[in-house]
Amino acid sequence: MPQLVIGLGNPGGEYAHTRHNAGWAVLDVLEKRGKFAKDRKEGQARIREGSIEGFDFVLARPQTFMNLSGKAGYHLTEKFSILPADVIVIHDDIDLRLGWIRLKRGGGAGGQKGVKSLADSWRTQDFIRIRVGVGRPDDKDDVVDYVLDRFRPDERDAATAAMARAADAVGAIVRQGLDAAMNLYNRAPE
């Protein structure tokens, strides 16, 4: 059975490379590390099937907007007969410092509406999350504009490193299991 990895983001060129599309950026890194078929439509997502280091993957980008990601996620778990507990979801997190990542299973959505939509659609919070820290805006009232903005030039190196670490974490989860991966990646970046 392939490993389903859902990267959260928003469709449309105006959202490319924004903080909110961190999940899609990690999928870009994963695709470069393996061999994947052409992108194709599956329900309300764009997917690429392939392999990395001998492990089979389905990488999915919901084409609904973030708040409706659960529609795509539900269809994908049904289509591939994968339990939500076996899915890896990658998303941005404003409560984590820029450049940090955190892995966990379950828990609340922490204000991340794509994660909430998935939990509501699957009727469970028991799925693996890789949270990619994008930092918090100075103005607490500016969260929406902040996550829909691109990384500043002085943030790009940290953001790029975080995307690579998140992709590394996906590999560690698949090879060694979540607990071992958490021990490796739930700490300050070096």
With a 4.5 Å heavy-atom cut-off, do [X] and [Y] have their side chains touching?
X      : Y      : result
Asn10  : Leu148 : yes
Gln112 : His20  : yes
Gln63  : Lys41  : no
Leu98  : Phe151 : yes
Leu8   : Asp92  : no
Leu59  : Leu30  : yes

Requested in this report: Could you tell me whether the side chain of Tyr15 and the main chain of Phe65 form a donor-acceptor pair under 3.5 Å?
Outcome: no

Query raised in the report: Does any N or O in the side chain of Asn186 come within less than 3.5 Å of the main-chain N or O of Leu103, such that one atom is a donor and the other an acceptor?
Result: yes

Straight-line distance of [X] [atom1] to [Y] [atom2], nearest 0.5 Å:
X     : Y     : atom1 : atom2 : answer
Ile90 : Asn21 : CD1   : CG    : 12.5 Å
Phe80 : His75 : CZ    : NE2   : 7.5 Å
Gln3  : Ile88 : CD    : CD1   : 4.0 Å
Ser81 : Leu4  : OG    : CG    : 11.5 Å
Lys35 : Ile52 : NZ    : CD1   : 12.5 Å
Leu27 : Ile47 : CG    : CD1   : 12.0 Å

Query raised in the report: Going by the salt bridge (Lys or Arg N to Asp or Glu O under 4.0 Å) test, which pairs reach into residues 55-75, not counting sequence neighbours?
Result: Asp28-Arg61, Glu31-Arg61

Requested in this report: Using salt bridge (charged side-chain N to carboxylate O under 4.0 Å, His left out) as the criterion, point out the one residue from Arg102, Arg19, Arg131, Arg129 that pairs with Asp93.
Outcome: Arg131

Query raised in the report: side-chain contact (heavy atoms from CB on, under 4.5 Å) between Val143 and Arg136: does it pass, once the steps are laid out?
Result: CA-CA 7 Å; Val143 171; Arg136 187 172 271 287; 4.2 Å; yes

Report task. Would you please test Trp122 and Val87 for side-chain contact (heavy atoms from CB on, under 4.5 Å) and show each step? Result -> CA-CA 11 Å; Trp122 287 328; Val87 178; 3.9 Å; yes

Query raised in the report: Pro62 and Gly7: which non-hydrogen atoms are nearest, and at how many Å?
Result: CD-O, 3.3 Å

Requested in this report: If you link ILVMFWY side chains whenever their heavy atoms are less than 4.5 Å apart, which other residues fall into the same cluster as Trp24? By chain and number, please.
Outcome: none

**Report entry** Residues that, via side-chain heavy atoms closer than 4.5 angstrom, fall in one hydrophobic cluster with Leu83
**Finding:** none

Requested in this report: Report, as yes or no, whether the 6.0 Å neighbourhood of atom NE2 on His17 holds more than 12 heavy atoms from other residues, nucleotides or ligands.
Outcome: no

Query raised in the report: Does Asp168 come within less than 4.0 Å of Arg33, counting only side-chain N to carboxylate O?
Result: yes

